[in-house]
Each structure stands twice: as C-alpha cells, then as structure tokens.
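A quick write-up on the structure given underneath.
Indexing begins at 1, ligand by ligand and atom by atom, following the structure's order. Values in this document were obtained by computation on a predicted structure and should not be read as measured data. All residue numbers refer to positions in the sequence shown, counting from 1. Side chains included, hydrogens not; waters and symmetry mates left out as well; all remaining heavy atoms used.
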Amino acid sequence: MFLLEKLEQYAGTDRIALLYQGQSVSYRTLFRQAEAFAAYLLDRFGDDDAPVLIYGHKELVIPACMFGAIKAGHSYIPVDTTFPPERVAQILEQAVPCLTVNLTERELPAQQAIDEAALADILAKYDGKFDCVDRIADQHTVYTLFTSGTTGKPKGVQITAKNIAAFIDGVAPWFDCGLTEGVFLNEISYSFDVSVCALYYALSRGMTLYTIDKQTLNDPKALFTALRESKIDFWVSTPSLAEFCVRSEQFCEALLPNTKKFVFCGEVLTKKLASEMLTRFPHAEILNAYGPTEATVLVTAVTVDEALCSDSRSIPIGYPFANLRAVIAAPDGTELPDGQEGELLLLGDCVSPGYLHRADLNERAFFTDAKTGMRGYHTGDLCKIENGLIYYLGRMDGQVKLNGFRVELEDVESNLLRVENIARAAVVPVFEDGKTVSLTAFVCLQSPDGLSSLARAKKVKTALSAALPSYMIPRKIVAMDDFPVNTNGKVDKKALSALA
Ligand code: AMP
C-alpha cells in the first residue's frame with residue numbers, strides 16, 4: 001500500500017511525524033512501532049484477519065496501531081472517546097474484532113483487549129521482529145468508520161486501500177502547495193474521516209502532524225497558545241472550528257504566518273466566514289471541499305475568492321475531482337441537466353464497498369452503474385451543477401451536521417425511546433444563519449413524572465449520555481401532551497421546528 005511504502009521511505013530518518021503536547025514521535029519510531037504491532041498480531045492471530053478496534057482519542061501510539069494492523073492484513077476501527085462504552089459495545093457486537101486496544105480507563109465488554117501498559121510491553125517485545133511483506137492488498141478494507149445510523153445504532157462504513165488511493169489521487173492537485181515537509185493540523189478525531197487527510201495525505205509526504213486534542217479545543221486560551229506555537233503550514237478543519245476562532249481578533253495571519261492553505265469541509269461554509277478568512281489571511285488559499293465518509297473523505301473542492309463570496313448563490317462545494325463522476329439525478333434515477341436540482345450521485349473508485357454486515361442498507365445506498373461498471377453512492381444531498389460547479393442545497397433526509405458531526409435525527413429519537421417513561425420522541429434541528437446549531441427533542445411521557453422541566457431535561461440527558469456521543473445530545477428537552485400532526489397524519493416536524 002502506497003502509505004506504507006512512503007512511510008518506509010522516511011523510516012530511516014528522525015524527521016518528526018507526530019507532535020502532541022510537547023512530545024514527538026519520529027518517522028523512525030512510528031515505523032518501528034507499526035512493525036512491532038504487526039509482528040505481534042501475526043504471532044497472536046496468524047491468518048485471522050478480523051479487525052482491530054482502537055478506543056482512544058489522540059494518543060501518540062494510535063497511528064502506529066493503525067498502520068501495524070494494516071501491515072498484518074487486518075483492518076482497524078478507530079473509536080473516539082466521545083463514544084460512550086454502550087455505543088462502543090454496539091460496535092463490538094457488529095464488528096467482532098479480534099483485538100481491542102483500549103487506551104481509556106473505561107470498561108468495555110471486549111473479549112480480547114489490551115490496555116496502554118500491555119501495548120507498551122508488546123511494542124518493546126516485538127521491536128524488530130517483523131519479517132514478512134505487508135499483507136494489505138487493494139481490495140482489503142483498511143478502516144471501518146462508525147457513523148450515526150437511523151436505527152439508533154451506528155453503522156460501519158468500510159474503506160479499502162483502493163478507495164484511499166483514489167482519494168489521494170483526487171485530492172493531490174487541490175492540496176498541493178509545494179510542501180514536502182511542513183506542519184499539518186491534526187485536530188479531527190480519528191473516528192471521523194477528515195482525519196484521513198492528516199494520516200494518509202500528510203504522513204505520505206513526510207509532514208509533521210501537529211495534534212490538538214478535545215480538551216485544548218474546548219479551552220480558547222490553550223487553543224490559541226497551541227496555534228501560536230504550532231507553525232502550521234496546512235489547515236484542515238470543519239468551518240465550525242474556524243467560526244469559533246474568528247470570534248477572537250488574534251486569529252489572523254500574525255498568529256499563523258506559515259499557513260498556506262485552509263481547507264474547510266464537512267459542513268456548510270458560510271459566505272460570512274469565507275470573507276472573514278480572506279480578510280484575515282490574505283496570503284493563504286481558502287478551499288471549500290466536500291465529501292461523505294462513504295466516498296472516502298473528499299470528492300469535490302473549489303478555491304474560494306471574493307467573487308464567490310459576493311455571488312448571490314451559496315458558496316459552491318466545488319468541482320468534482322478528476323477521477324470522480326458526479327451526477328444530479330431525479331428520484332427515478334435519470335440524470336438531470338445542468339441547473340436542475342436533484343440528488344447528488346457519486347461514482348468512482350473512491351466509493352466504499354458498503355456498510356459492514358448491512359446488506360439492507362447497502363442495497364439502498366450503493367449501486368453499480370450498468371454502463372460503466374463504476375461503483376456509485378446515493379449521497380442524500382440535494383444539489384445542482386452550474387458551469388461545472390456543484391452547489392449544495394440541503395439534505396433530503398433526517399441527517400444533520402452539528403459542529404461538523406454527522407447526526408441522524410432518527411438515531412437520537414430511537415435512543416430517546418429507550419429512556420424510561422418516554423413514549424414518543426421527535427428531534428428537530430435548530431438553525432442560526434442557515435446552519436444547525438443545536439437539537440431540540442420533543443417527548444411525550446408514558447405517565448406524569450411530577451418533575452420540573454429542568455429536572456426532567458437533566459434526567460433525560462444523563463440517560464442519553466450513556467448511549468450517545470455528547471455531540472448528539474439535544475440541548476433542549478421539551479415535554480408535550482401530544483405532537484402536532486400534518487395532513488398525512490404524521491408528526492408535523494415543521495410545526496415542531498417552528499416551536500424549537
Ligand atoms: P460525513 O460523512 O460525516 O463527512 O458527512 C457527509 C455529509 O456532510 C455530506 O453528505 C453533506 O451533507 C455534508 N457536507 C460535507 N461537506 C460539506 C460542505 N463543504 N458543504 C456542505 N455540506 C457538506
């Protein structure tokens with residue numbers, strides 16, 4: 001696999017691969033640790049190629065575990081600590097990993113698990129013991145990322161070596177800024193696919209990942225101190241992080257004098273933020289990029305300039321990458337001409353082979369084009385194409401983006417129904433400037449609970465937090481006697497949205 005080959009090129013050097021809280025890992029160490037972990041997996045599991053689940057946040061050893069797993073012919077499943085143990089248990093049940101690397105203090109119902117200390121012993125014991133060729137082939141799954149699913153349980157998107165190669169090929173001309181070394185921002189949790197930009201694009205170019213964790217992101221003073229010392233050349237994040245940063249006047253070229261490129265993706269980039277970024281970073285290039293996890297990170301991009309910001313339309317999500325076919329389709333699947341609105345379909349080598357063990361979902365979401373044999377994906381995004389540029393107009397289902405996190409409203413609703421005394425639940429997004437800023441849950445109780453609204457909200461949120469990542473918990477919980485219904489007799493979500 002190309003990343004492993006590239007890593008090997010730098011393996012003899014002390015070039016810094018990872019930087020985190022003043023500690024660093026060189027390419028030499030990263031490569032040795034990956035090989036040691038691979039040797040351990042081969043010794044312990046032989047030809048069993050079941051996945052390796054890695055539960056943690058931004059620990060410096062995680063990339064070595066990922067690359068070690070793929071060297072030994074396994075795939076990996078990165079699960080961030082924002083996922084509570086109950087949610088991890090659902091992933092374990094679906095994925096049945098041969099091994100769980102648990103870097104947290106939390107208990108997991110995993111059959112075969114090792115903790116941080118055991119991992120350190122393994123890396124020491126198997127250091128220098130890898131003596132095989134890499135076992136990864138094009139069609140092998142490299143990682144499975146679990147994302148919000150409509151049933152109340154997460155679903156696993158499988159990504160192969162071929163998918164990643166297509167992503168790297170497609171993104172290369174857009175990301176190029178003449179850098180071979182340099183510092184790349186690494187703030188996105190490894191369980192979200194935008195982190196693949198750091199892990200696969202940046203590391204394959206010998207760059208240094210400047211790692212910022214959740215705690216630092218939540219503390220403005222610590223965040224700005226980290227940014228000031230980072231010397232970041234290349235920034236990739238959701239617009240939400242930049243929106244948070246621009247609240248401070250410090251966030252400008254003087255803070256990040258080296259930054260040549262800002263890539264925003266994962267959610268709508270507003271014109272307000274784009275203009276602000278152009279003003280504050282006049283020498284940097286600003287890209288708006290788009291892609292679903294199912295089509296491997298990013299599939300379109302555009303350089304944002306003053307002309308796009310002053311256009312009456314929203315900022316486009318970009319031009320399709322050279323190796324992608326993007327089609328706007330009517331509900332019956334026929335291709336629509338330029339200017340017409342319809343679902344965006346993506347076709348190319350970047351499209352995932354499907355969700356793990358979910359034939360039911362795969363049939364609806366993925367397809368193979370009869371004429372070309374290309375793999376395709378139904379994005380569920382309402383879009384139009386004008387002059388080759390794709391414009392995003394909104395979702396066609398109950399999926400929302402909240403601070404860049406993908407949330408299925410039905411996932412939250414299903415989990416609310418598991419909370420004691422809740423008979424019915426409806427969740428709606430709350431918008432500000434056309435962007436989802438929070439969720440409001442409306443619930444009908446099975447029987448009166450005698451609690452104040454505040455006490456009830458606290459109780460429900462506590463129950464939910466055992467099952468859902470914190471970013472999926474509704475900010476407001478509103479109890480109602482009954483839900484409004486529309487003319488079809490369905491819960492009137494529009495009326496509830498108006499109330500929210
Ligand atoms: P995820 O799989 O978590 O990356 O989410 C993919 C979804 O995020 C897409 O299907 C879109 O709905 C949304 N999305 C991603 N990038 C953008 C963007 N640049 N502008 C608007 N929406 C985006």
Side-chain angles (χ1 to χ4, degrees), residues 78 80 82-83 143-150 154-159 163 167 170-171 174 188-197 236-243 262-274 277 286-304 308 313-321 324 326 328 342-346 350-352 354-355 361 365-366 376-384 389-409 411 429 431 433-436 469 471-472:
D80 190 76
T82 39
F83 286 60
Y143 61 78
T144 300
L145 292 185
F146 277 80
T147 178
S148 184
T150 49
K155 59 185 182 210
V157 184
Q158 304 176 93
I159 295 297
N163 296 150
F167 160 64
V171 86
W174 289 100
I188 293 169
S189 304
Y190 295 133
S191 45
F192 301 108
D193 78 335
V194 177
S195 64
V196 166
C197 297
V236 178
S237 80
T238 58
S240 289
L241 177 61
E243 254 151 32
F262 286 87
V263 179
F264 294 115
C265 53
E267 60 180 347
V268 171
L269 172 66
T270 61
K271 286 192 219 169
K272 191 167 163 225
L273 177 63
M277 289 297 298
I286 314 287
L287 287 188
N288 186 26
Y290 156 96
T293 305
E294 288 84 342
T296 320
V297 197
L298 300 174
V299 290
T300 70
V302 63
T303 299
V304 179
L308 286 183
R313 293 165 292 191
S314 57
I315 292 182
I317 54 174
Y319 298 98
F321 290 173
L324 179 93
I328 303 294
E343 186 184 18
L344 176 64
L345 309 185
L346 305 171
C350 60
V351 175
S352 156
Y355 302 112
L361 293 181
F366 297 93
Y377 172 64
H378 288 271
T379 62
D381 288 321
L382 184 69
C383 293
K384 66 176 176 181
L389 272 174
I390 308 178
Y391 290 81
Y392 169 82
L393 307 166
R395 286 293 302 175
M396 303 171 76
D397 57 14
Q399 184 180 301
V400 298
K401 274 298 176 101
L402 193 51
N403 291 328
F405 295 113
R406 173 167 161 178
V407 179
E408 295 283 355
L409 298 176
D411 194 351
F431 295 99
D433 286 340
K435 210 181 145 175
T436 303
Y471 60 83
M472 288 177 73

| Under 3.5 Å donor-acceptor, D411 side chain and T150 backbone | no
| remark: In ligand 1, the atoms that come under 4.0 Å of a heavy atom of R395 are 10 (O), 12 (O)
| query | For atom 10 (O) of ligand 1, what is the nearest protein heavy atom, given as residue, atom name and distance? | reply | D381 OD2, 2.5 Å
| query | Counting heavy atoms only, which part of K401 comes closer than 4.0 Å to ligand 1: side chain, backbone, both or neither? | reply | side chain
| message | Main chain of S240, side chain of E267: is a donor-acceptor contact present, judged purely on distance under 3.5 Å? | response | yes
| query | Hey, is the main chain of Q158 close enough, under 3.5 Å, to the side chain of S352 for a donor-acceptor pair? | reply | yes
| task | List the closest protein heavy-atom neighbour of atom 19 (N) of ligand 1: residue, atom name, distance to the nearest 0.1 Å. | result | A289 O, 2.8 Å
| query | Has the side chain of K435 got a donor or acceptor atom that lies under 3.5 Å from a matching backbone atom of V268? | reply | no
| field | For ligand 1, the portion of V194 having any non-hydrogen atom under 4.0 Å away | value | neither
| query | Does ligand 1 have an atom under 4.0 Å from some heavy atom of G291? | reply | yes
| Donor-acceptor contact below 3.5 Å, side chain T300 vs main chain I317 | yes
| task | Classify the angle between the aromatic ring planes of F83 and F192 as parallel (below 30°), tilted (30 to 60°) or perpendicular (above 60°). | result | tilted
| field | G266-ligand 1 polar pair, N/O distance under 3.5 Å | value | yes
| task | Calculate, to the nearest 0.5 Å, the distance between atoms CG and OH belonging to N288 and Y392 respectively. | result | 11.5 Å
| field | Close-contact set for ligand 1 against P292 heavy atoms, below 4.0 Å | value | 2 (O), 6 (C)
| said: Less than 4.0 Å is my threshold; does some heavy atom of L269 fall inside it relative to ligand 1? | reply: no
| query | Taking T293 for the side chain and D193 for the main chain, is one N or O donor matched with an acceptor at less than 3.5 Å? | reply | no
| field | Option whose closest heavy atom lies nearest to atom 2 (O) of ligand 1, chosen from Q399, M396, R406 | value | R406
| said: Checking the N or O distance criterion of under 3.5 Å, is ligand 1 in contact with F264? | reply: no
| query | For ligand 1, does T293 get within less than 4.0 Å through its side chain, its backbone, both, or neither, judged by non-hydrogen atoms? | reply | both
| field | Proximity to ligand 1 by part of Y392, non-hydrogen separation under 4.0 Å | value | side chain
| task | Taking the six-membered ring for Trp and the single ring otherwise, decide whether the centroids of F321 and F167 are under 6.0 Å apart. | result | no
| Just which atoms of ligand 1 are under 4.0 Å from any heavy atom in I317? | 18 (C), 19 (N), 20 (N)
| query | What residue and atom, counting heavy atoms only, is the protein's closest point to atom 18 (C) of ligand 1, and at what distance? | reply | E267 O, 3.2 Å
| message | Using a 3.5 Å distance criterion without hydrogens, assess whether the side chain of K271 forms a donor-acceptor pair with backbone atoms of R313. | response | yes
| Does ligand 1 have any atom sitting under 4.0 Å from a heavy atom of G318? | no
